[in-house]
Amino acid sequence: MKSKKINIWQSKFILPAVRDSVKKLHPLAMARNPVMFVVELVTVMTTLIVVSDIFTGRNFLFNLQISLWLWFTIIFANFAEALAEGQGRAQAESLKKNRSESTAKRLGPGGQSEVISALKLKKEDTIILEDGDTIPGDGDVIEGTALIDESAITGESAPVIRESGGDRSGVTGGTRVLSGKLKVRITANPGESFLDQMIQMVESAKRQKTPNEKALNVLLIALTIVFVVVVVTLKYFAGYMGVGVTVSVLIALLICLMPTTIGGLLPAIGIAGMDRLLRYNFIATSGRAVEASGDVDVVLMDKTGTITLGNRMATEFIPLHEENEKELIDAALLSSLADDTPEGRSIVVLAKEKLGMRGGDIRAPEGAVFIPFSAEARMSGIDWNGRKIRKGSLESIKEFVAAHGTPITDRVEKIVAGIATEGSTPLLVAENEKILGAIRLKDVLKEGISGRIAKLRQMGIKSIMITGDNPLTAATIAAEAGVDDFVAEAKPSTKLELIRRYQGMGHLVAMIGDGTNDAPALAQADVAVAMNAGTQAAREAANIVDLDSNPTKLLDIVEIGKQILITRGALTTFSVANDVAKYFAIVPAIFIAQYPQLKVLDIMNLTSQKSAVLAAVIFNAVIIPLLIPLALRGVRYRPSSATALLRRNLLIYGLGGLVLPFIGIKLIDMIISLLKMV
Amino acid sequence: MTLNDWLCILLLPIILIILAFGLGEFMAKVFSGTRTFLTPVIAPVEQLLYRLFGVDEKEDMSWKTYALSLVIFNIVGIAALFILQAIQGMLPFNPQKFGAVRWDTAINTAISFGTNTNWQAYSGEQTMSYLTQMLGLSVQNFLSAAIGMAALVAVIRGFIRKTSAAIGNFWVDLTRSILYVLLPLVIILSLLLVSQGVVQTLSGSVTAQTLDGGRQIIAVGPVASQEAIKEIGTNGGGFFNANSAHPFENPTPFTNFLEILGLLLIPAALPFTFGAMLKNRRQGIAIFAAMLILYLGGLSIFAANEMHGNPLLEKAGVTSGLNMEGKEVRLGIVNSVLFAHSTTVTSCGAVNSMHDSMMPLGGLILMFNMAIGEVIFGGVGVGLIGMLCYAILTMFLAGLMIGRTPELMGKKLELFEMVMALVIILTPAILLLLLSGIAISTNTGLSSLGNSGPHGLSEIIYAFASTAGNNGSAFAGLNANTIFYNLTTSLAMLAGRFSTIIPALAIAGSLAGKKIVPASTATFPTNGLLFVIMLVSVIIVVGALTFFPVFTLGPFLEHLLLMTGKTF
Amino acid sequence: MLQLKRSLLAFAGLSVICGLIYPLAVTVISQAVFLEQSNGSMIINGKQIMGSRLIGQQFTSPKYFHGRPSASDPPYDASNSGGSNLGPTSAKLLSQVQSRVSRIREENGLPADAAIPADLVLTSASGLDPHISPLSAALQVKRIAGERKMPESDVERLIHQNTEYPLLGMWGKEHVNVLQLNLALDNAFNGRR
């Protein structure tokens, strides 16, 4: 998989991010993130305390330091968000670059074309595209065929064919017509294309919070409320015990307890997830779908194009009688020379190999008449020099030789059955009245597909292959690819029924599709990935579009979805676990003067009370930038059992979150006393 | 501690597990409407009651209807109890001729018994007529427990049902709880208690001519019948002021054992009921295991500390400084510790010793048991509800950490469930802190204190932990029978009760409407060891984070000061 | 309002079952089967009720065994039970304990540094605790024997006869019923006279 990773640790990203993180201090912007909003509110309070300290001539240095570190806490959190946005924007820009400058030839109502700016194109406009034109917007080919260079978006240099009518009719803005002429109907208004939607999801201000993010936010808000109550009431409990606590120390305690780490990094995690999708050339139309992809436990895959290379290939010639093997190969070669289908070409390749003909351009002999495959005859062949060579299925050849009065022998039936039971497709070859033998056509798996399917299983995802083939052929491929289940002789409606059935059992179903036929099933699936090359109907029904049109990339989506969730969970756990150490730093510091017995709680043996409070606040602030790389990269996901995964993450982020701050606060305390900051 | 002490502590969980498992399976049958061995006897009565109530047994209620019925029924009970106290002077079965109960005490008591708290600001044998004790307090002991069970059964249905709009019939669940579960158990227990010396009579006080030449007025009454439901329904309201320390409520070590077993029984059985109804018995066992771990963990700290004695007393000339203050000789320290721990983990609140006189760290354990929301076994029904909310919180984090949107037992946990679970877990905690903060900073609040210094803080924290957790036990040195405490604790009790039950039913409704996601290798099994460990950790961490400062200033500081010989 | 009507009916119906039928049934059965226990295990001498086997009494006379201090006012008030509720760091508790300890040492002729069993100087939870530990009883033997001019061994035998042991050796502590012991003491004394 190519991934266009952008290195964000360079000044052209960092400087604007720094600027943005200050801009984001605006209360209206902060209000989107309730936890950090509360932090800002109380930080303003500490600042006011410092100001009044200055004016009343009290010693303000300690309060000033607290206040400054609290401002840093907020700015660090904003910086994480701004950085993720910058990365996403850069990622999107690289996809979008070509679009804005281009113009379009719009077809007027009278049939005349006019040149307008691409930005003025509206949905349902029809445009003309010719050699060399940059496609100005997403659309559907309604007339013509052309070779398109999609490298600007997919990074894939080999051009692809787009044509009207079939399942390869979608074109994307920013790609270029190499040759051919197309009439394209535009399918999105400016600013509403898939790419535009995606860009919104990497802009914090426009981003919709996903359902899980909302639920997590509720948890963080609830924790915040509890800690506000804890800190406010503490003042009175301390008062009863004859201990006065200053407001700035209480605020310091509050900020340390509040889940600022996860609260500050939460938006960045979500945005960075979208960034990763973009990097893998996916465009998601909803954050919800990306989250759901982590839950997918059933995947429907078309056999053709996803599991196997699109076409069957000839792998063996089986003569009726040993002695006329050469005759069979010869006839097969001759009949396929002009056959341009992939099967035909594979027969030629195999025949040449068998006959030992290396290279050399063999052409159909002069005067030969090629009989192309037709739906009625269901066979193809060649007429030359009185020879009528045909290849086709058992039924069609049976009919063909029957015309010459030849019956099908048991031996022929046996060969055909033999090939079929092994899951391959038999193709009989006959010359005039005589059946020469059979060609074995076999489905060939895509490279690496069984490995990917095995990985899906490791993730707990059941793969189901769908094919129109007979059950026998389907079973063979299914076994070879290692899918968990298959549906043979599928009709277009089968997919929809299947998805509904699995959903009824409570499963979350992902499906990859490209054809118009797939649209209803895509709309029904929980995670629906459409190939960018697919039809407009398919793309609209889907919630994720794969610009590479590579169906096996579903794995990447699932991984990205899981990563986002794991990162959120891990940092929440970490953030909450941190609180224990902060209590042990600050609570003894508050009471130790009055009750020296509480020294037993000061297990970090911190230098002084002020130093303890300041160290906790500094740790709380600097942990945010330290975790930015993790938030942007995401916690690594390794397919393994859920229990193993949880155990690992609990150890790292739960236990680690418990222990790390003890060390961190102690270190910071040592630095503080070294620098004599308090 | 002697070998006997250990045996005494260890035998309790063993016998409890056996009985709880059996009862759990039985209750699963009762609440699924399956035939049990009691059906032939009880079914006719049950049918008669449905006809009387005008209830269609087959009606299936939405969570809103269920909650509405429950709340109205509960309020009717509270109102009736208030009225009964106000007019008891005019009613029969009042041999001591007690008049109307003071208004704020009556409100407090009505709410207290209606919410399964049984906080008692009054002294039982000095305030309430026999009729009030039987028809008022005893009845609420049954009803409030049955309401708790009904709410839990509805929540269990939320987990079992898929894409269903209904969570069962409140009236049926309520009636079955009483007829099949509570009544049979209390009849057995009350007769056992009487056989050991617990009184059960309708005559008035007895006057005795004492040996030393004095007169002693001995209060008696229909005690055993109330004693039994007080434990079985985790109510805790004693007939006498001294509660289960009174020899007429708890005359021997054997009755003491029966009472501890009785108050733990239903809460400990319900996880098994849950497992059986879910058809995933391991799930029930896992939740029970989490409860048992927390129970035994707290118990060992508590017991070790209390057995250690009080150095101040030792210095004053008391053998080993043994802390027998507020404890009965026939029960001894171990049985007092077992009872105190059991009564605070369940929301029972009955006491056989005076918690106020416990050692500071023991008091801390008791407060922790209540402050985390009464989920270690907990109150009848509501304890498991609270535990399931902690499970929701646990699986929300666990789910994220395995890369899935969170789910619990196949049900997706989303915004709605999160909000409701957090309301259930945090409302009592927040209220406890706020009300304690008000009490500690006002003269009205402070004037009721029975002890000063950090122990005074503990008394106030204990009062609100107990009422917000619907426990009902007290650091009884605090004079709670004042208008201030009667009203503030009433508020805590109401919030503790309804901020649990109503959101729980909302969760039930929401879950019932969802699909059940089938388990796969990617789902985290919630019936394994890792889940149990994580659940236990979440409960401890949430409790510790919320109460660290206040527990440090109250019981922990008192412990440290005690060690240095300081008194107040 | 359907649910309100049902609530009232259900409340009435269930109140009758739980609040009248249940306790009255238990009362009737108890009075029939456990007559003595259900009425308070009273000790009756002729027509005179001497007290309850389960409820402690206040003894101040030196010829009787003394029970635990009681926090109720007056002590051993069986119509208003309760404990002191004094906490472990209570100065009041400590001064009470100190005075009780010195009084007991004095009454029983013990050395000034003798440790006194906890139950004899700390108040019970109910204020009605009918028991003391065997050690607390033993400590009073000398005084009683002296007052009553009985051999100490006789007094010790009576203590032994009135000691109750833990259930199955596990639940509870050994304890002596003070009222019963004092009754036995009186009987033995009267018998001898």
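Order of the sequence lines fixes the chain letters, A, B, ..., with proteins taken first and strands second; residue numbering starts at 1 for each chain.
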### Interface residue of largest heavy-atom contact number with chain B, from A:Thr573, A:Ile564, A:Asn217, A:Leu257, under 4.5 Å
A:Thr573
### Message
Report which part of B:Thr546 has an atom under 4.5 Å of a heavy atom belonging to chain A: side chain, backbone, both, or neither.
### Response
both
#### Entry: Option in B:Lys162, B:Lys514, B:Glu407, B:Met534 with maximal non-hydrogen atom pairs under 4.5 Å from chain A
B:Met534
### Summary
What one should report as the nearest heavy-atom pair of A:Ala222 and B:Leu422 is CB-CD1, 3.7 Å
### Message
Please classify the contact of B:Val517 with chain A as side chain, backbone, both or neither, using a heavy-atom distance under 4.5 Å.
### Response
both
### Message
With a 4.5 angstrom heavy-atom cut-off, is it the side chain or the backbone of B:Met563 that approaches chain A, or both, or neither?
### Response
neither
### Query
Top residue by heavy-atom pair count (under 4.5 Å) with chain A, among B:Ile430, B:Leu530, B:Leu393?
B:Leu530
### Task
Over 60° means perpendicular and under 30° means parallel, so classify the ring planes of B:Phe548 and A:Phe584, tilted if in between.
perpendicular
#### Entry: Pairs of heavy atoms under 4.5 Å with chain B: top-ranked of A:Ile586, A:Ile461, A:Val226
A:Val226
### Task
Check A:Thr233, A:Val231, A:Leu234 against B:Pro549 for a side-chain contact (heavy atoms from CB on, under 4.5 Å) and give me the one that passes.
A:Leu234
### Heavy-atom closest pair, residues A:Phe237 and B:Ile440
CD2-CG2, 3.8 Å
### Query
Taking the side chain from A:Tyr583 and the backbone from B:Leu545, do they hold a donor-acceptor pair closer than 3.5 Å?
yes
### Query
In terms of heavy-atom proximity below 4.5 Å to chain B, should A:Val587 be classed as side chain, backbone, both, or neither?
side chain
### Query
Can you find a pair of side-chain heavy atoms, one from B:Leu397 and one from A:Thr572, that are under 4.5 Å apart?
yes
## Note on the structure
Given A:Met505, A:Met241, A:Lys214, the one with more heavy-atom pairs under 4.5 angstrom with chain B than any other is A:Met241
### Query
Can you check side chain to side chain contact (heavy atoms under 4.5 Å, CB included) on B:Phe396 and A:Leu216, steps first, answer last?
CA-CA 8 Å; B:Phe396 188 80; A:Leu216 180 55; 3.7 Å; yes
### Distance (rounded to the nearest 0.5 Å) between A:Leu650 CG and B:Ile402 CD1
11.0 Å
### Query
With chain B, which of A:Ala644, A:Gly242, A:Gly569 has the greatest number of heavy-atom pairs at distances under 4.5 Å?
A:Gly569
### Task
State the CG-CG distance between A:Leu598 and B:Leu561, to the nearest 0.5 angstrom.
8.0 Å
#### Entry: Part of B:Ala398 within contact of chain A (heavy atom distance under 4.5 Å)
both
### Query
B:Glu414 and A:Arg288: which non-hydrogen atoms are nearest, and at how many Å?
OE2-NH2, 4.2 Å
### Task
Grab the two heavy atoms, one from A:Asp297 and one from B:Pro518, that are nearest each other, plus how far apart they are.
OD2-O, 4.3 Å
## Note on the structure
Per-residue tally against chain B (heavy atom, under 4.5 Å) across A:Arg647, A:Arg457, A:Arg568, A:Gln503 peaks at A:Gln503
### Query
Is it true that a side-chain atom of A:Asp295 and a backbone atom of B:Thr405 form a donor plus acceptor pair closer than 3.5 Å?
yes
### Task
Report the C-alpha distance between B:Leu560 and A:Tyr595 in whole Å, list the side-chain angles of each, state the deciding distance to 0.1 Å, and finish with yes or no for side chain to side chain contact (heavy atoms under 4.5 Å, CB included).
CA-CA 9 Å; B:Leu560 295 175; A:Tyr595 297 105; over 6 Å; no
### Task
Start with the C-alpha gap between A:Gln597 and B:Lys566, add the side-chain angles, then the distance that decides, and say whether side chain to side chain contact (heavy atoms under 4.5 Å, CB included) holds.
CA-CA 11 Å; A:Gln597 294 86 353; B:Lys566 185 139 174 54; 5.7 Å; no
### Message
At a heavy-atom distance under 4.5 Å, which candidate from B:Gly528, B:Gly453, B:Pro406, B:Gly399 has the highest pair count against chain A?
### Response
B:Gly453
### Query
In Å, rounded to the nearest 0.5 Å, how long is the span from CG of B:Leu400 to CD of A:Glu291?
8.5 Å
### Task
Work out which heavy atom in A:Gly460 is nearest to a heavy atom in B:Ser520; give both atom names and the distance.
O-OG, 3.6 Å
### Query
Which of the residues B:Lys515, B:Met401, B:Met418 is involved in the greatest number of heavy-atom pairs with chain A at under 4.5 angstrom?
B:Met401
### Query
Between A:Tyr236 and B:Ser436, is there a donor-acceptor pair closer than 3.5 Å when you use the side chain of the first and the backbone of the second?
no
### Query
Pick from A:Asp579, A:Val296, A:Thr643: which one has the most heavy-atom pairs with chain B under 4.5 Å?
A:Thr643
### Task
Let me know if B:Ile461 has heavy atoms under 4.5 Å from chain A in its side chain, its backbone, both or neither.
side chain
### Query
Which heavy atom in B:Arg404 sits nearest to a heavy atom in A:Leu565, and how many Å separate them?
C-CD1, 3.3 Å
### Task
Decide yes or no on side chain to side chain contact (heavy atoms under 4.5 Å, CB included) for B:Phe556 and A:Val600, but give the supporting numbers first.
CA-CA 11 Å; B:Phe556 188 67; A:Val600 292; 4.1 Å; yes
## Note on the structure
Among B:Leu446, B:Leu457, B:Val542, the residue with the most heavy-atom pairs under 4.5 Å to chain A is B:Leu457
